Every structure is written in C-alpha cells, then in structure tokens.
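Heads up, the thing below is written out as structure tokens.
No experiment lies behind these values; they were computed from the predicted model shown. Heavy-atom basis, side chains included; hydrogens, waters and symmetry copies ignored. Chain letters run A, B, ... following the sequence lines, proteins first and then strands; every chain starts at 1.
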There are 4 protein chains.
Amino acid sequence: MTGVANPKRLPRAVREQQMLDAAVRVFADRGYHGASMDEVAELAGVSKPMVYLYLGSKEDLFGACIRREAARLMERITSAVHDAATIECRLVSGFEAFFGYVAEHKDSWNVLYHRARALGPPFADEVDRARHDIIDAVTGLVDQRGASAGEAGALSHALVGAADALAEWASRTGEPATVTTARLMNLVWIGIERQIDGASWRPASS
Amino acid sequence: MTGVANPKRLPRAVREQQMLDAAVRVFADRGYHGASMDEVAELAGVSKPMVYLYLGSKEDLFGACIRREAARLMERITSAVHDAATIECRLVSGFEAFFGYVAEHKDSWNVLYHRARALGPPFADEVDRARHDIIDAVTGLVDQRGASAGEAGALSHALVGAADALAEWASRTGEPATVTTARLMNLVWIGIERQIDGASWRPASS
Amino acid sequence: MTGVANPKRLPRAVREQQMLDAAVRVFADRGYHGASMDEVAELAGVSKPMVYLYLGSKEDLFGACIRREAARLMERITSAVHDAATIECRLVSGFEAFFGYVAEHKDSWNVLYHRARALGPPFADEVDRARHDIIDAVTGLVDQRGASAGEAGALSHALVGAADALAEWASRTGEPATVTTARLMNLVWIGIERQIDGASWRPASS
Amino acid sequence: MTGVANPKRLPRAVREQQMLDAAVRVFADRGYHGASMDEVAELAGVSKPMVYLYLGSKEDLFGACIRREAARLMERITSAVHDAATIECRLVSGFEAFFGYVAEHKDSWNVLYHRARALGPPFADEVDRARHDIIDAVTGLVDQRGASAGEAGALSHALVGAADALAEWASRTGEPATVTTARLMNLVWIGIERQIDGASWRPASS
DNA sequence: GATGAATGAGAATTCATTCAT
DNA sequence: CATGAATGAATTCTCATTCAT
C-alpha cells in the first residue's frame with residue numbers, strides 16, 4: 001500500500017506535468033466531450049480533487065493541454081527553420097520538423113488538430129490562437145518578400161491544410177518525414193516560387 | 001417550441017428528412033458527443049421517441065447524416081466535373097463545385113469534415129468511407145494517366161487537405177468560389193502538371 | 001401487401017384469442033414488466049391499437065391471460081379427477097394431469113406460476129384467486145373426510161408446492177408424468193393416508 | 001427523504017450494506033424489472049451515483065443481493081443442522097431453521113425465491129447457483145445413505161417446494177416454525193424413511 | 001374494423017464538481 | 001498535501017398509451 005510505484009508528495013510542478021500528460025492522452029483518445037475527468041485522474045495516478053486543485057475545470061485543463069502542446073510544436077518548427085538560409089530550405093526544414101513532430105507525438109497532434117478544431121465557442125479562441133501561431137509561422141516563411149497579406153494568408157492556410165492531410169497519410173503508410181516533405185514540395189514549390197515572383201496561373205479557357 | 005411550426009401527422013418520409021435536417025444542424029453546432037437527442041428532436045419539431053422510432057440510436061442517426069450529406073456533396077462535385085474536357089478543366093470545375101458547396105452548406109461540411117473525422121471506431125468506418133469517396137474522386141481527376149497509386153493517393157490527400165483549409169479561409173473572408181479556386185490552382189497546378197508528366201522537385205541542396 | 005398469410009377482418013373472438021396466445025407467450029418469456037405491448041402486438045400480427053381496443057390496458061391483458069390459462073389448467077385437472085373412485089386414484093389422476101399439463105404447456109405454466117406469483121397488489125388478487133382455485137381443488141381431493149380445515153389447507157399447500165417443484169424437475173429431466181407422479185406419491189401418500197386416519201408424526205426425541 | 005436519517009460520510013463498507021439492505025427490500029417488493037434504482041437509492045438514503053459507484057449496474061446489484069441473502073440463509077440452515085445426530089433430527093432442525101428464516105426475513109426469502117427464479121439468462125446462473133446450494137444441502141440431509149442421485153435430487157426438490165409453500169402458509173397464519181415443521185414431517189417423514197430403506201409406493205390399481 | 005403517427009413519462013447510467021477529513 | 005465520500009444534473013433510450021385517418 002505504501003508507495004512503491006508512485007512516490008507521493010511530489011512537487012507541484014512535476015505533478016502538473018503528469019496530469020497534463022495524462023490529459024493529452026485521454027483527450028486525444030476520446031475527444032473533449034468523450035473524455036472523463038475520472039479517467040484523466042486515474043491515468044495520472046492522482047485523485048480527482050488534485051486535478052481540480054492544480055489545473056482547474058475540465059475546460060481549463062483542456063486549454064492548458066492545447067497551450068502546452070502547441071508551444072511544443074511551435075518550438076520544434078521554429079528551431080528547425082532557424083538556421084536555414086533560403087526560403088526553399090526553410091520550407092523544407094519546417095515541413096520536415098512538422099511531419100517529424102506529428103509522427104513522433106501522435107497524441108499531441110491529435111488533440112491539437114482533430115479534437116480541438118471547431119469545438120464550440122468556449123474553446124474556439126484558445127484553439128484558434130494556437131493554430132494561428134502555426135499558420136503565421138508558415139506565412140512568415142513564405143512571405144519574406146512582399147506578397148500581399150491576403151495572398152500569403154490564403155497560401156499558408158492551404159499549405160498547412162495540405163501538410164496536415166499528408167501527415168495523416170504518412171502516419172498511415174509510415175513513410176519517413178523526408179519523403180513526405182518531398183511529396184509536398186513536389187506539389188507546391190513551383191507554385192510558391194511563382195507566387196513570390198508575382199506570376200500566377202490563368203484559367204486555360206480564357 | 002423552437003422548431004418550425006409543423007403541421008401534425010406528416011408522412012414518414014417527410015418527417016425523416018426534417019429530422020435529418022435538424023440532426024445535421026445540431027451535430028454541426030455541437031459535435032457528436034456534445035449534441036443531445038433532446039435538442040435534435042426539439043429542432044425537428046417532434047418528440048424524442050419519433051427520432052428513435054424512425055432513425056434509431058444516436059449512432060445510427062449520426063451515420064444517416066453522414067451518408068446523406070456525403071452523397072449530396074459527391075453528387076454536386078460529380079455533376080460539375082462531368083462535362084469538362086481536360087484535366088485542368090475538371091479540376092477547376094471540381095474545386096469550384098466543392099468551394100461552392102462548402103460555402104452554401106456550412107453545416108453539412110462541418111459535420112462531414114470537422115465533426116466526423118477521428119471519431120473513435122464505431123464511426124470511423126462510416127466516415128472513412130464517405131471521405132474516401134471524395135478523395136477517390138479527386139484521385140480519379142488527377143490520375144487519368146499513369147501516376148503510380150501511391151503518388152496519386154498522396155497527391156489527392158494533399159489536394160483535399162489544401163482545399164479544405166482554403167474552404168475555411170473562404171468562408172471567413174467570404175470570397176467567391178472562383179477566386180478561391182484560382183488561388184488553389186495557382187499554388188498546385190504546375191506541380192500537378194509536372195507530376196503527371198513525371199517530373200519532380202529535387203532538393204535544391206543536392 | 002394484401003393478405004397472403006394473415007387474412008384480415010377476422011371476427012373479434014378469433015382475434016382476441018390470437019392476441020391472448022401472443023400475450024401468454026410474451027409474458028412467459030419476459031415477465032410482466034419485461035414484456036412490451038409492441039412485442040405482443042407484433043407477435044399477434046395486429047397493430048397495437050387493436051390490442052388496446054380488444055383487451056384493454058397491459059394490466060387487463062395480463063389478467064385475461066391469467067384467467068384463461070388458469071381455467072384451462074383447472075379444466076384439465078378437474079376432468080381427470082372426475083371419474084376416479086378412491087382418494088388415492090384421484091390424487092394420482094390429478095397429479096398426472098397436472099404434470100402433463102405443465103409439460104405440454106410450458107408457457108402457460110410459466111406465466112401462471114413463475115411470472116404471476118407475487119406481482120405487487122394490482123395482480124395479487126387475480127393470481128391468488130387462480131392459484132387458490134387449484135389449491136382448493138387439491139384440498140377437496142384430500143379432505144373428503146374430516147381433517148380439520150387448517151390441517152387440510154396446510155396439507156394441500158404443501159402438496160401443490162411439492163408438485164410445482166417436481167414439475168420443474170420433470171421439465172428439466174423430461175421424465176414422463178407417470179414417473180413424476182410416482183415419485184410424489186412415494187413421498188407423500190403414506191403421510192396423507194395417516195393424516196386422513198388422524199395419526200401423526202411425533203418428534204422422535206420426546 | 002424516506003431513507004433513515006444517516007450521518008454523512010460513512011465508510012464504504014457500511015454504506016454498501018445499507019444499500020444492499022435497501023436493494024433487497026425494493027427487489028422484494030417490486031421484482032427486478034419493477035424496481036427502480038431511484039427507489040433503491042432513496043431508501044438507502046444516498047444518491048444514485050453512490051449506488052452505481054459502489055455496487056455497479058442494476059444487474060450487479062441484484063446479483064450482490066442474491067449472493068448475500070443466499071449466504072445468510074445457507075449459514076442459518078447449516079449451523080442449525082450441524083450438531084443434530086440422526087437424519088430425522090437433522091431434517092427437523094433444518095426445516096425449523098428454514099421456516100424461522102423465512103418468517104424473520106420475509107424480504108430476503110421473497111427476493112431469493114419468488115423474484116429471482118426464472119429471470120432470463122443474465123441472472124439464471126447466479127440464482128441457480130444459490131438455489132442449488134440450498135437444494136444440495138437438503139439432498140445432503142436426506143441422501144446420507146445410498147439413495148440414487150436421481151431419486152435424491154427429485155426428493156429434495158419436492159421437499160424444498162413443499163417447504164416453500166408451507167412457509168408461505170405459515171407466514172399468513174403466523175404459526176411458529178416448530179408447528180409448521182411438524183406439519184411437514186407429518187406429511188413426508190414416513191415417505192422419506194421408506195425411500196431411504198428402499199421401499200416404495202406402488203400404484204394401488206396394479 | 002384497422003392503423004400509421006405521435007408522445008408524456010420515466011428508466012438506467014454517467015459526469016463534472018465539491019466537501020470533510 | 002491528498003483523498004474518499006458524495007451529489008445535482010444531464011443523457012440515451014424505452015414504453016404504455018392515444019389520436020386522426
């Protein structure tokens with residue numbers, strides 16, 4: 001009975017991280033509504049009141065998960081992009097980091113992308129903020145020169161959408177991040193380049 | 001009380017459609033777990049037992065929504081693509097139809113795309129089938145000639161992902177389907193063309 | 001659609017019997033609370049309102065079942081006992097008739113004995129009346145001469161109880177009514193005889 | 001409101017017994033299907049979630065009742081029989097204990113005997129096990145010497161059936177257990193004795 | 001005579017959340 | 001610091017019962 005596996009009396013910061021780990025896992029598996037605080041507490045190895053004491057309500061807990069995971073993803077991408085020279089290299093590095101992250105942290109991505117998106121008003125803000133941080137980062141990659149705001153915004157949305165779908169594909173086929181990155185670059189790089197140069201596709205019919 | 005003022009004693013087929021309309025709306029707004037059968041019934045202007053009698057369990061009801069909405073979207077795309085001559089034209093028509101549909105039937109798209117994806121085993125099949133019908137249609141557009149199966153699959157996943165993200169963007173900015181289509185073609189058409197021709201992007205560094 | 005199997009427009013008396021047949025079956029299978037009017041109606045091949053129109057509420061329907069089946073059992077026993085000469089013969093004939101009935105009409109016995117007994121106040125009367133008709137008949141068999149009322153009552157209760165338990169035993173082993181009857185007579189006949197003669201068992205210890 | 005005025009925050013073991021007490025009472029009064037978890041909780045003086053937390057589903061709860069009550073009855077009979085010397089004494093002690101138990105714990109007997117019997121597959125096992133423990137005990141009393149298995153089985157079924165019916169009779173007339181026991185011995189002892197000795201009743205007619 | 005359409009009421013079960021210790 | 005005990009409020013689903021045709 002007396003603490004073999006779970007040392008009691010851990011410092012607060014550690015316990016909080018354990019709880020968040022558990023929460024991310026449960027939210028990823030069941031979605032926000034499907035998750036129960038009971039399960040989170042059990043998986044974290046603490047009693048429910050502890051969860052409430054440390055992280056607040058279910059809503060708060062979900063928010064905390066989103067923020068922590070989004071920050072982790074951002075950091076991974078940012079540091080990957082950091083010391084690449086050309087736009088092309090930045091994109092490649094960024095995509096590779098992204099695909100790598102998704103492959104290595106399925107739960108994290110699951111919560112962020114699948115579970116959190118479009119979850120009624122109380123969460124929309126939190127999630128949108130997180131998602132926009134990422135899209136903005138991509139916009140930053142592409143929009144080094146003067147594409148108009150609208151253009152770059154749409155472009156990065158499309159890129160992130162495509163990347164997301166490919167991440168899923170990659171997680172099913174198990175292909176390495178570099179290959180998936182190549183597929184994506186294959187599809188979009190020339191388009192991006194031309195867009196940066198100001199050229200654009202015209203309907204063939206006209 | 002909130003439902004439309006309905007004449008009583010409608011024939012079954014009519015009531016079923018009303019219920020499905022309501023269900024799509026509610027599932028779109030709240031997600032599967034967040035939706036309550038009470039709300040569906042109220043919005044449909046009937047009592048709960050009618051919903052259970054006609055459409056079965058919540059799970060069944062959700063499945064019925066998915067199937068109906070997926071069929072509608074597919075029909076719209078299929079008929080748009082039908083009489084276009086070149087691959088390029090087909091893509092343009094297909095995207096326009098898609099963006100048009102998403103713009104005009106927000107709830108439908110919401111259920112199909114945001115709410116239904118990644119919803120545990122009981123639904124995975126139904127949803128996956130619907131989603132794959134669409135992706136297969138896109139694959140069919142692109143893969144008229146001999147891109148290898150894997151290539152085409154990844155490509156169409158990426159295209160659908162990009163289109164989805166742009167649809168969201170468009171729904172926020174309110175731009176017409178033709179403009180969004182142009183943005184997307186701008187980004188990907190050359191890449192597609194080259195891929196059809198067998199050329200591909202190479203990492204610049206090597 | 002138009003009546004191949006179930007001729008429509010049957011005379012009321014026939015329909016009522018069909019419904020009662022169905023009801024006995026369903027009540028036997030599921031018990032009073034577990035049975036649903038839907039199932040009864042379906043099994044009877046009519047719509048629910050017909051059941052209500054002809055037999056009244058669920059409670060009424062159950063009562064009607066009890067009465068009909070109890071009457072059938074009583075008639076079987078009564079006519080078997082009718083032309084036996086001695087008390088012993090009457091008992092044997094009565095038990096054989098009883099065991100035979102239980103073996104041949106499982107549902108009927110099930111409803112009467114298992115499902116109906118001890119079913120809260122609304123039914124207690126109906127069921128008790130039916131059960132007492134049978135016990136009274138047994139009392140009549142045994143009490144031809146002057147056992148005091150109390151004695152005979154207790155005796156016949158015990159006999160019916162034993163017979164009931166043996167009926168169940170017989171229905172499991174499938175042994176013929178005559179054998180089961182012999183078992184029972186084996187156990188109780190001498191005791192009955194002595195009781196009729198006024199002799200009685202005395203505790204051995206005194 | 002109806003429950004006993006309970007001090008709050010009782011230890012689990014205590015609360016569980018209170019809940020079982022209430023459940024036995026309610027199941028006895030209404031039968032399995034007729035009983036509602038609401039009523040059980042109210043009578044136990046706790047909220048429904050506590051019942052589910054401690055005892056599980058309605059089915060589980062019913063099973064727990066059956067097990068507890070069957071064990072109590074068995075213990076009473078076993079300890080009564082324990083130090084009687086002859087078969088006759090054992091039977092007398094056993095019956096007295098049984099009639100005493102039924103008289104003193106009406107609800108318990110009601111659940112065990114009337115409510116639980118013949119209750120569809122999910123319960124059949126539990127109930128049958130409990131019931132057979134009792135019948136086996138009786139078989140053990142009677143079958144000290146070599147009555148064949150079938151014989152002894154039928155005999156003990158019949159005895160338990162008779163005892164049950166007499167218990168009911170006794171509970172109506174209020175007569176003491178010793179008197180009811182005498183009635184039963186009066187009826188069956190000679191039959192049992194002869195059966196032990198291998199003699200048996202023969203149809204008078206042959 | 002017969003039924004499809006419809007519902008009010010209540011069932012089991014679960015969950016987020018909070019005290020008292 | 002930490003938890004076992006406890007619950008109000010929903011949620012899904014079913015059922016007996018009745019109209020309108």
* Look at B:Arg15 and E:dG4 and indicate whether a side-chain polar atom (N or O) is within less than 4.0 Å of OP1 or OP2. =>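 Result: no.
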* Does the side chain of B:Tyr54 get closer than 4.0 angstrom to OP1 or OP2 of E:dA5 through an N or O atom? ->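 Indeed, a polar side-chain atom of B:Tyr54 lies that close.
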Look at the side chain of [X] and decide which nucleotide, out of [options], has an atom nearest to it.
X	options	result
D:Ser36	E:dA11, F:dA20, E:dT13	E:dA11
C:Lys58	E:dT17, F:dT17, E:dA5	F:dT17
C:Ser47	F:dC13, E:dT13, E:dA2	E:dA2

* Asked: Does a side-chain N-to-carboxylate-O contact under 4.0 Å join D:Glu39 and D:Arg30?
  -> yes
* Any ion pair linking C:Lys106 and C:Asp29 (charged N to carboxylate O, less than 4.0 Å)? -> no
Send over the distance from [X] [atom1] to [N] [atom2], rounded to a whole Å.
X	N	atom1	atom2	result
C:Phe62	F:dA16	CZ	C1'	16 Å
B:Asp38	E:dG10	CG	C1'	13 Å
A:His33	F:dT12	NE2	C1'	16 Å
C:Glu16	E:dG1	CD	C1'	14 Å
D:Phe27	E:dA11	CZ	C1'	13 Å

* Verify the neighbour count for atom CD of C:Glu59: are there more than 12 heavy atoms of other residues, nucleotides or ligands below 6.0 Å? =>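 Atom CD in C:Glu59 is crowded, with more than 12 foreign heavy atoms closer than 6.0 Å.
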* To do: For D:Arg25, look at atom CZ and say whether over 12 heavy atoms of other residues, nucleotides or ligands are found less than 6.0 Å away.
  => no
* When the nearest nucleotide of DNA chain F is assigned to C:Tyr52 and to D:Ala13 on a heavy-atom basis, which residue is associated with the more 5' position? -> D:Ala13
* For C:Lys48 and for D:Pro11, locate the closest nucleotide of DNA chain F by heavy-atom distance; then report the residue assigned to the nucleotide nearer the 5' terminus. =>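 Whichever sits nearer the 5' end wins; that is D:Pro11.
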With sugar-phosphate meaning primed atoms plus P, OP1 and OP2, does [X] contact a base, only sugar-phosphate, or nothing at under 4.0 Å between heavy atoms?
X	value
B:Arg12	sugar-phosphate
B:Met37	sugar-phosphate
D:Ala35	sugar-phosphate

* Geometric cation-pi criterion, B:Arg12 with B:Tyr54: 6.0 Å, 45° -> yes
* Asked: Toward the 5' end of DNA chain E, which comes first, C:Leu53 or D:Glu59, by nearest nucleotide?
  -> C:Leu53
* **Along DNA chain E (nearest heavy atom to each residue), the more 5'-positioned of C:Met50 and D:Pro49** => C:Met50
* Could you tell me which nucleotide pairs with E:dT17 by Watson-Crick or G-U wobble geometry, both distances under 3.5 Å, or answer none if nothing does? => F:dA6
* **E:dA12: pairing nucleotide in any strand, Watson-Crick or G-U under 3.5 angstrom** =>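 Matched E:dA12 with F:dT11 under the 3.5 Å cut-off.
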